Protein chains: 2
Amino acid sequence: MNYPNGKKKPTVRKTSDKTNKSFSNRGMTLEDDINTTNNYYLAINKAVIHKKPTPIQIVNVHYPKRSAAVITEGYFKQASTTDYNGLYRHKHIDFEAKETKNKTLFPLANIHDHQIKHMELIIENGGICFLIIRFAAYDETYFIQAEKLISYWKEKLNGGRKSIPYEIIKQEGYLIPFQYQARVDYLAIIDKLYF
Amino acid sequence: MNYPNGKKKPTVRKTSDKTNKSFSNRGMTLEDDINTTNNYYLAINKAVIHKKPTPIQIVNVHYPKRSAAVITEGYFKQASTTDYNGLYRHKHIDFEAKETKNKTLFPLANIHDHQIKHMELIIENGGICFLIIRFAAYDETYFIQAEKLISYWKEKLNGGRKSIPYEIIKQEGYLIPFQYQARVDYLAIIDKLYF
């Protein structure tokens, strides 16, 4: 662990904090923060990592004259892979990000079977695969290697616990440093673990 | 060139051919063929390559009681990257696929500036990047390395031609073999070029 823990912050998000230029993370969703981080990595040509678009089942499209096509009926589909992937230092990067309001554990129900299967394939094929978990109550964001997530997932299948305790994540995960531009600077962890 | 060219086929697509179990490719779109190919690669654990979902700007969502959320207003957004990416033999794979009805050339207007920029970044960061072009009139599908596409793109910016002639694609590209399950077996080309 490289960073101090336990500095508890209010659990209520304040949208006004979005314009706060301090190093506070309050008010931004994890997705916002990761997108900002990825844009920064791209801008400095450090990595090419993008969020995949949300998969949508399009049922009806209306084509008005002289204007853009409008989707008038669509449904959210469950993603079959993870949310983010890309390329860093010649390595394939693949990860999922989850935020929880739970203060004591991360429920494994947040991750689907096919996502675990996908993570196994990424590892087998030589990619770097992980999960980013934010505990909103503590404003702490952790990097968990997919290998560890998969092992807890398999314990669950064999009748084990249905969650990973916060204390275990603190021990086995890596607190992701918060930087002004790289708000979730997960490549700092990857540098230490894989290079 | 490993495969015979010039076996002209009808330009009209027959949807009834979709159930044809021969080695003919007629009636399937390039996207269908690539998705089938990627599913096959996944099934035999050869590669983990997926099409990214179409990016959609969601404007309105309706939440009916006791049923799934319905998107009632959405718009297609232009993709900022390429359509497909993934992992093969520890290498990051990234490509775009385009089908043309043109018999003599591939119009460069089919590729956007930001896609070219993305391709440059993938190459700089150690990925394998390319374009798959199908000439529907000839039922021929070619693999063009992104480096070559980028060089034609830059010539265009400097006042050069706005397309790549079919004859050049035949010379500088690689005809992708058509297999029953791997309908667009582009990994066969990657094996030869990069491994």
Side-chain angles (χ1 to χ4, degrees), chain A residues 35 38-39 41-64 67-94 114 117-129 187, chain B residues 35 38-39 41-64 67-94 114 117-129 187:
Chain A
N35 290 343
N38 288 341
N39 288 340
Y41 289 155
L42 204 58
I44 63 168
N45 201 9
K46 183 166 179 162
V48 191
I49 298 165
H50 291 275
K51 182 175 189 299
K52 293 176 208 164
T54 305
I56 287 163
Q57 178 71 47
I58 297 166
V59 176
N60 261 311
V61 183
H62 176 56
Y63 299 92
S67 50
V70 190
I71 297 155
T72 54
E73 187 183 355
Y75 298 91
F76 296 98
K77 287 196 291 186
Q78 198 175 71
S80 55
T81 63
T82 46
D83 272 354
Y84 302 86
N85 78 3
L87 185 53
Y88 176 57
R89 295 176 71 173
H90 293 220
K91 294 286 272 182
H92 183 83
I93 303 294
D94 190 295
H114 45 256
K117 178 66 188 158
H118 174 75
M119 288 177 168
E120 287 176 330
L121 286 172
I122 293 297
I123 295 165
E124 277 173 37
N125 285 279
I128 294 174
C129 194
L187 292 183
Chain B
N35 290 342
N38 288 341
N39 287 340
Y41 290 155
L42 203 58
I44 63 168
N45 201 9
K46 183 167 180 162
V48 191
I49 299 164
H50 291 276
K51 182 173 188 300
K52 292 175 209 165
T54 305
I56 287 164
Q57 178 72 45
I58 298 166
V59 175
N60 261 311
V61 183
H62 177 57
Y63 299 91
S67 51
V70 190
I71 296 155
T72 55
E73 187 183 353
Y75 298 90
F76 295 98
K77 286 197 292 187
Q78 199 175 70
S80 56
T81 63
T82 47
D83 272 354
Y84 302 86
N85 78 3
L87 185 55
Y88 176 56
R89 293 175 73 173
H90 293 219
K91 295 286 273 181
H92 183 84
I93 303 294
D94 190 293
H114 44 256
K117 178 65 188 159
H118 174 75
M119 289 176 167
E120 287 176 330
L121 286 173
I122 294 297
I123 295 165
E124 278 172 38
N125 286 279
I128 294 175
C129 193
L187 292 183

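Since the structure is predicted, the reported quantities are computational estimates derived from the model, not experimental observations. Proteins come first, then strands; the chains are lettered A, B, ... in the order of their sequence lines, and each starts at number 1.
In this structure, the portions of Thr72(B) lying under 4.5 Å from any heavy atom of chain A include both its backbone and its side chain. With a 4.5 Å cut-off on non-hydrogen atoms, Lys77(B) does not touch chain A at all. With a 4.5 angstrom heavy-atom cutoff, Val61(B) touches chain A only via side-chain atoms.
Panel note: side chain Tyr41(B), backbone Leu187(B); a donor-acceptor pair is recorded below 3.5 Å. Put simply, the side chain of Lys52(B) never gets that close to the backbone of Asn85(B): no donor and acceptor are under 3.5 Å apart.
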Subject >> From CA spacing to verdict: side chain to side chain contact (heavy atoms under 4.5 Å, CB included), Leu42(B), Val48(B) >> reply: CA-CA 6 Å; Leu42(B) 203 58; Val48(B) 191; 4.0 Å; yes
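Proximity to chain B among residues 117-126 of chain A is limited to His118(A), Leu121(A), Ile122(A), Glu124(A), Asn125(A), Gly126(A), judged by heavy-atom separations below 4.5 angstrom.
Note that NE2 of His90(B) and NE2 of His90(A) are 15.5 Å apart. Values are rounded to the nearest 0.5 Å. In this structure, Ile56(A) CD1 and Phe76(B) CZ are separated by 9.5 Å, a value rounded to the nearest 0.5 Å. Atom OH of Tyr75(A) and atom CD1 of Ile71(B) lie 9.5 Å apart (nearest 0.5 Å).
Heavy-atom pairs under 4.5 Å with chain B peak, among Ala47(A), Gly86(A), Gly127(A), Ala68(A), at Gly86(A). With chain B as partner, the option from Ile93(A), Asn60(A), Val70(A) having the largest number of non-hydrogen pairs under 4.5 angstrom is Val70(A). Contact count versus chain A (heavy atoms, under 4.5 Å) is highest, among His62(B), Gln57(B), Glu73(B), His50(B), for His50(B).
Not counting sequence neighbours, the partners of Asn38(A) by the side chain to side chain donor-acceptor pair (under 3.5 Å) test are Tyr186(A). Shown here are the ring-ring contact (aromatic ring centres under 6.0 Å, His included) partners of His114(B), two or more places apart in sequence or in another chain: His112(B). Contacts of Asn39(B) classified as side chain to side chain donor-acceptor pair (under 3.5 Å), with partners at least two apart in sequence or in another chain: none.
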